[in-house]
Amino acid sequence: MSSSCVFCRIVARDQPADIMHVSDNVVAFRDINPQAPTHIQLVPKEHIESAADLEERHAGMLAELVRAAAHLANAEGIADSGWRLVTNVGPEGGQHVYHLHFHLLGGRQMHWPPG
Ligand code: 5GP
Ligand code: ZN
């Protein structure tokens with residue numbers, strides 16, 4: 001836990017967030033600046049900088065996180081229309097918060113390439 005990390009503070013409940021889901025290793029909360037009708041962040045409780053820093057021992061957490069995304073998509077009513085799960089890595093990947101997070105986006109047509 002790093003007090004300088006905004007997502008660590010949300011996980012620790014030191015900073016308010018609209019928390020949607022908590023499980024053993026994962027927390028999900030609504031994005032503060034939503035880019036789609038559904039825009040939820042799914043993060044590990046553990047501070048991991050990005051997907052580039054994942055290790056073999058994180059396999060269970062990752063499966064838990066993706067299952068939570070599918071569960072939340074269902075709860076948001078976008079399971080049938082479809083959704084996107086994306087993680088940005090580094091400056092050119094568009095990463096701004098250096099605590100691993102997956103954006104769950106849906107409720108509108110997504111485009112490809114994402115730009
Ligand atoms: P990135 O650009 O690193 O892939 O995504 C960071 C995301 O975190 C952005 O979508 C941004 O809106 C969101 N975000 C940044 N600070 C906060 C915050 O304090 N609370 C919440 N709920 N989302 C945040
Ligand atoms: Zn963190």
Side-chain angles (χ1 to χ4, degrees):
M1 150 73 183
S2 153
S3 59
S4 63
C5 170
V6 60
F7 286 178
C8 277
R9 290 201 305 273
I10 288 173
V11 166
R13 307 289 209 281
D14 287 340
Q15 174 162 325
D18 185 359
I19 292 180
M20 316 280 300
H21 169 96
V22 179
S23 56
D24 287 351
N25 300 293
V26 172
V27 175
F29 50 89
R30 286 203 193 277
D31 197 284
I32 205 167
N33 181 24
Q35 302 300 311
T38 293
H39 189 174
I40 296 170
Q41 293 298 334
L42 294 109
V43 312
K45 289 181 178 173
E46 179 183 343
H47 182 87
I48 301 164
E49 282 208 355
S50 82
D53 301 291
L54 286 164
E55 298 170 7
E56 187 66 39
R57 67 187 176 85
H58 295 123
M61 176 278 290
L62 275 178
E64 186 182 316
L65 187 151
V66 176
R67 287 185 64 238
H71 168 81
L72 286 165
N74 206 37
E76 290 283 294
I78 58 171
D80 292 338
S81 52
W83 42 281
R84 181 171 288 174
L85 189 63
V86 63
T87 189
N88 300 325
V89 180
E92 290 201 358
Q95 184 175 11
H96 297 92
V97 175
Y98 281 79
H99 179 130
L100 176 64
H101 51 282
F102 287 74
H103 301 250
L104 169 61
L105 294 150
R108 67 167 172 81
Q109 180 63 54
M110 296 295 150
H111 302 289
W112 197 263

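When a ligand or atom number is given, it counts from 1 through the structure's own listing order. The figures here come from the full heavy-atom set of this structure, side chains too, leaving out hydrogens, waters and symmetry mates.
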Check your understanding: Is it true that the side chains of His71 and His21 contain a donor and an acceptor less than 3.5 Å apart?
Key ->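 No, His21 and His71 have no side-chain donor paired with an acceptor closer than 3.5 Å.
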
Has the side chain of [X] got a donor or acceptor atom that lies under 3.5 Å from a matching backbone atom of [Y]?
{"X": "His58", "Y": "Glu55", "value": "yes"}
{"X": "Ser50", "Y": "Val89", "value": "no"}
{"X": "Arg108", "Y": "Gln35", "value": "yes"}
{"X": "Glu64", "Y": "Asn25", "value": "yes"}

Treating Ile, Leu, Val, Met, Phe, Trp and Tyr as nodes and any side-chain heavy-atom pair under 4.5 angstrom as an edge, say whether [X] and [Y] lie in one connected cluster.
{"X": "Val66", "Y": "Val43", "result": "no"}
{"X": "Phe102", "Y": "Tyr98", "result": "no"}
{"X": "Val26", "Y": "Val11", "result": "no"}
{"X": "Val22", "Y": "Phe29", "result": "yes"}

Would you mind running through ligand 1 and noting each atom that sits below 4.0 Å from a heavy atom of [X]?
{"X": "His96", "result": "1 (P), 2 (O), 3 (O)"}
{"X": "Ile10", "result": "20 (N)"}
{"X": "Gln41", "result": "7 (C), 10 (O)"}
{"X": "Asn33", "result": "12 (O)"}
{"X": "Asn88", "result": "4 (O)"}
{"X": "Gly94", "result": "1 (P), 2 (O), 4 (O)"}
{"X": "Gln95", "result": "3 (O)"}

Practice item. Could you pull out the N/O/S protein atoms under 2.8 Å of the Zn ion (ligand 2), ignoring any water? Key: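 Result, waters dropped: Cys5 SG, Cys8 SG, His47 ND1, His99 ND1.
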
Side chain or backbone of [X] under 4.0 Å from ligand 1, or both, or neither, by non-hydrogen atoms?
{"X": "Val97", "answer": "both"}
{"X": "Gln15", "answer": "side chain"}
{"X": "Tyr98", "answer": "neither"}

Protein heavy atom at shortest distance from [atom]:
{"atom": "atom 17 (C) of ligand 1", "value": "Ile32 CG2, 3.8 Å"}
{"atom": "atom 22 (N) of ligand 1", "value": "Arg30 O, 2.9 Å"}
{"atom": "atom 9 (C) of ligand 1", "value": "Asp31 OD2, 3.3 Å"}
{"atom": "atom 8 (O) of ligand 1", "value": "Phe7 CZ, 3.4 Å"}
{"atom": "atom 5 (O) of ligand 1", "value": "His101 NE2, 3.0 Å"}

Point to revise | Shortest non-hydrogen contact between Ala17 and Ile10, atoms and distance | key: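 For Ala17 versus Ile10, the nearest heavy atoms are CB-CG2, 3.6 Å.
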
Practice item. Could you tell me which non-hydrogen atom of Ile78 sits nearest to which non-hydrogen atom of Trp83, and how far apart they are? Key: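 Nearest pair, atom of Ile78 first, then Trp83: O-CD1, 3.5 Å.
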
Practice item. Indicate the ring-plane relationship of His99 and Phe7, choosing parallel, tilted or perpendicular according to the 30° and 60° boundaries. Key: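 Taking Phe7 first and then His99, their aromatic rings stand perpendicular (interplane angle over 60°).
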
Check your understanding: Quick one: salt bridge (Lys or Arg N to Asp or Glu O under 4.0 Å) pairs with a partner in residues 27-47, sequence neighbours left out?
Key ->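 For residues 27-47: Asp18-Arg30, Arg30-Glu76, Glu46-Arg57.
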
